[in-house]
Protein chains: 2
Amino acid sequence: MPTPRPQLVQPDPDDEGLRGHVGYNMKRAFHMIQMDVNATLAPFGLRMVTFSALVVVMENPGLRQSQLAELLAIERPNLVVILDELEQAGLLTRDRAPDDRRAYALHVTAKGLALCEEARIAVSAHDKRMAEGLTDAELDMLITALRRIERNGKLGRSPK
Amino acid sequence: MPTPRPQLVQPDPDDEGLRGHVGYNMKRAFHMIQMDVNATLAPFGLRMVTFSALVVVMENPGLRQSQLAELLAIERPNLVVILDELEQAGLLTRDRAPDDRRAYALHVTAKGLALCEEARIAVSAHDKRMAEGLTDAELDMLITALRRIERNGKLGRSPK
DNA sequence: AAATTTAGGTATGAGTTATAACTGTTTTAA
DNA sequence: TTAAAACAGTTATAACTCATACCTAAATTT
């Protein structure tokens with residue numbers, strides 16, 4: 001008696017088989033964060049990357065584009081349009097570097113500084129929202145673990 | 001005396017101003033994981049999504065496409081090409097559901113099962129590699145935190 | 001029986017990331 | 001002191017992911 005192929009086995013299907021993998025959970029969590037942070041930054045005319053660039057330039061005035069690309073782990077060609085966006089919005093300037101006529105020294109404008117401060121408050125609120133239910137210690141450990149994973153990934157790829 | 005604008009302030013520029021935000025750290029960590037897991041799965045002809053789909057179908061035989069899309073948080077249109085890929089590779093089948101002529105019941109083939117088991121071992125090795133330096137307890141907490149964030153994001157968006 | 005909903009699919013557009021190659025400038029070396 | 005190499009920024013482009021609108025066939029509702 002050939003048993004017919006079962007069509008519906010699980011009464012309540014689930015993805016628990018994947019939940020043990022870090023990558024799967026992180027992909028889903030990151031997707032949520034990305035949605036939320038972009039919605040948070042939209043009123044400021046910013047995206048996650050442009051916000052990141054703005055903060056780093058603000059805290060490292062005079063930075064070169066290549067340095068910024070290196071810090072943010074972004075390819076230089078992609079950074080160009082990001083800076084175009086920020087420059088056009090009047091949030092930062094590309095000043096020619098006096099000692100190297102190839103390079104630009106990046107500076108945040110007063111307008112950029114003000115917007116960045118406001119956006120930062122909004123992002124911090126977003127952080128708090130997304131981390132609801134986690135203790136401060138758990139949050140610290142989360143960030144430590146994420147940095148550890150990033151570092152492990154770097155070590156694995158191209159020891160340079 | 002008008003002071004000239006400083007061009008290089010930080011001797012060693014950094015992105016510490018962003019490191020306090022969960023999203024920034026997660027983006028970078030996830031990027032590393034994605035690189036590594038895709039490199040890990042490439043020899044099997046799989047990507048992160050196709051692997052995920054394969055595992056979930058394997059553990060929930062007879063699943064409908066819409067159920068799979070729901071479980072993986074993927075839009076139905078995007079799932080189509082993923083299943084095309086897996087079906088063409090002979091790893092799973094789309095069997096017409098006897099009780100509903102619109103629907104397909106998904107099943108993993110013997111070939112798919114074998115490949116999936118092997119790929120899983122490779123992915124587990126990848127997990128271990130990426131989590132090096134974290135204790136089991138820390139890893140558990142990381143996953144718990146990620147699921148918490150995912151859930152917080154879901155609650156925030158579309159209460160449905 | 002007509003209207004609505006559902007399952008799967010097609011087509012398409014937006015957004016992100018990566019690569020190759022180019023211009024102009026600086027540095028290194030012959 | 002030129003010639004070669006390296007570097008800063010840019011352009012163009014391709015691959016991949018994700019989302020939306022719309023279509024068909026079949027089921028369900030009214």
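Values reported hereafter were calculated over all heavy atoms of this structure, with side chains retained and with hydrogens, waters and symmetry mates removed. As the structure is a computational prediction, the values presented were derived from the model and not from experiment. Letters go in sequence order (proteins before strands), and every chain restarts at 1.
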Quick one: side-chain contact (heavy atoms from CB on, under 4.5 Å) partners of B/Ala89, sequence neighbours excluded?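 B/Ala89: side-chain contact (heavy atoms from CB on, under 4.5 Å) contacts with B/Leu91.
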Separation of atom [atom1] in [X] from atom [atom2] in [N], rounded to whole Å:
{"X": "A/Leu79", "N": "D/dA8", "atom1": "CG", "atom2": "C1'", "answer": "12 Å"}
{"X": "A/Leu72", "N": "C/dA18", "atom1": "CG", "atom2": "C1'", "answer": "16 Å"}
{"X": "B/Glu87", "N": "C/dG8", "atom1": "CD", "atom2": "P", "answer": "13 Å"}
{"X": "B/Asn78", "N": "C/dT12", "atom1": "CG", "atom2": "C1'", "answer": "12 Å"}
{"X": "B/Asp95", "N": "C/dA7", "atom1": "CG", "atom2": "P", "answer": "18 Å"}
{"X": "A/Glu85", "N": "D/dT10", "atom1": "CD", "atom2": "C1'", "answer": "17 Å"}
{"X": "A/Phe51", "N": "C/dT16", "atom1": "CZ", "atom2": "P", "answer": "15 Å"}
{"X": "A/Arg96", "N": "D/dA8", "atom1": "CZ", "atom2": "P", "answer": "13 Å"}

Do the rings of A/Phe30 and B/Phe30 sit parallel, tilted or perpendicular, given the 30° and 60° boundaries?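 Because their plane-to-plane angle lies in the 30° to 60° range, the rings of A/Phe30 and B/Phe30 count as tilted.
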So which atom in A/Ile82 and which in A/Ala53 form the shortest heavy-atom distance, rounded to 0.1 Å?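 So the minimum-distance heavy-atom pair works out to CG2-CB, 4.2 Å.
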Among the candidates [options], find the nucleotide nearest to the side-chain atoms of [X].
{"X": "B/Ser66", "options": "D/dC18, D/dT10, C/dA7", "value": "C/dA7"}
{"X": "A/Arg76", "options": "C/dA7, C/dG9, D/dT10", "value": "D/dT10"}
{"X": "B/Glu75", "options": "C/dG8, D/dA19, D/dT10", "value": "D/dA19"}

In terms of side-chain geometry, is the basic nitrogen of A/Lys111 or A/Glu87 positioned less than 4.0 Å from the acidic oxygen of its partner?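 Here A/Lys111 does not pair with A/Glu87 in a salt bridge, since their nearest N and O are not under 4.0 Å apart.
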Quick one: do B/Arg64 and B/Asp99 make a salt bridge, cutoff under 4.0 Å?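 So B/Arg64 pairs with B/Asp99 through a salt bridge.
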Among residues two or more places apart or on two chains, list those pairs meeting side chain to side chain donor-acceptor pair (under 3.5 Å) that have a residue in residues 40-49 of chain A.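 Residue pairs with at least one partner in residues 40-49 of chain A: A/Arg47-A/Glu85.
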With side chain to side chain donor-acceptor pair (under 3.5 Å) as the rule and sequence neighbours excluded, what pairs involving residues 112-125 of chain A come up?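 Every side chain to side chain donor-acceptor pair (under 3.5 Å) pair that includes a residue of residues 112-125 of chain A, provided the two are not neighbours, is A/Glu59-A/Arg120.
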What N/O pairs connect the protein and nucleotides 22-30 of chain D at under 3.5 Å? Give each pair on its own line.
| from | atom 1 | to | atom 2 | distance (Å) |
| --- | --- | --- | --- | --- |
| D/dA27 | OP1 | B/Arg101 | N | 2.8 |

Considering only heavy atoms, which members of residues 27-50 of chain A lie under 4.0 Å from some atom of DNA chain D?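 The answer is A/Lys27, A/His31.
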First encountered from the 5' end of DNA chain D, between A/Ala103 and A/Asp84: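 With A/Asp84 and A/Ala103 compared, the 5'-side residue is A/Ala103.
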Any salt bridge (Lys or Arg N to Asp or Glu O under 4.0 Å) pairs touching residues 123-145 of chain B, not counting sequence neighbours?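 Every pair satisfying salt bridge (Lys or Arg N to Asp or Glu O under 4.0 Å) with a residue in residues 123-145 of chain B: B/Asp36-B/Arg129.
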Have a look at B/Gln65 and say if it touches a base, only the backbone sugar-phosphate, or nothing, with a 4.0 Å heavy-atom cut-off.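 Sugar-phosphate, no base atom in range.
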Face-on cation placement of A/Arg19 at A/Tyr24 ring, 6.0 Å and 45° thresholds: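 Pair A/Arg19/A/Tyr24 does not count as cation-pi.
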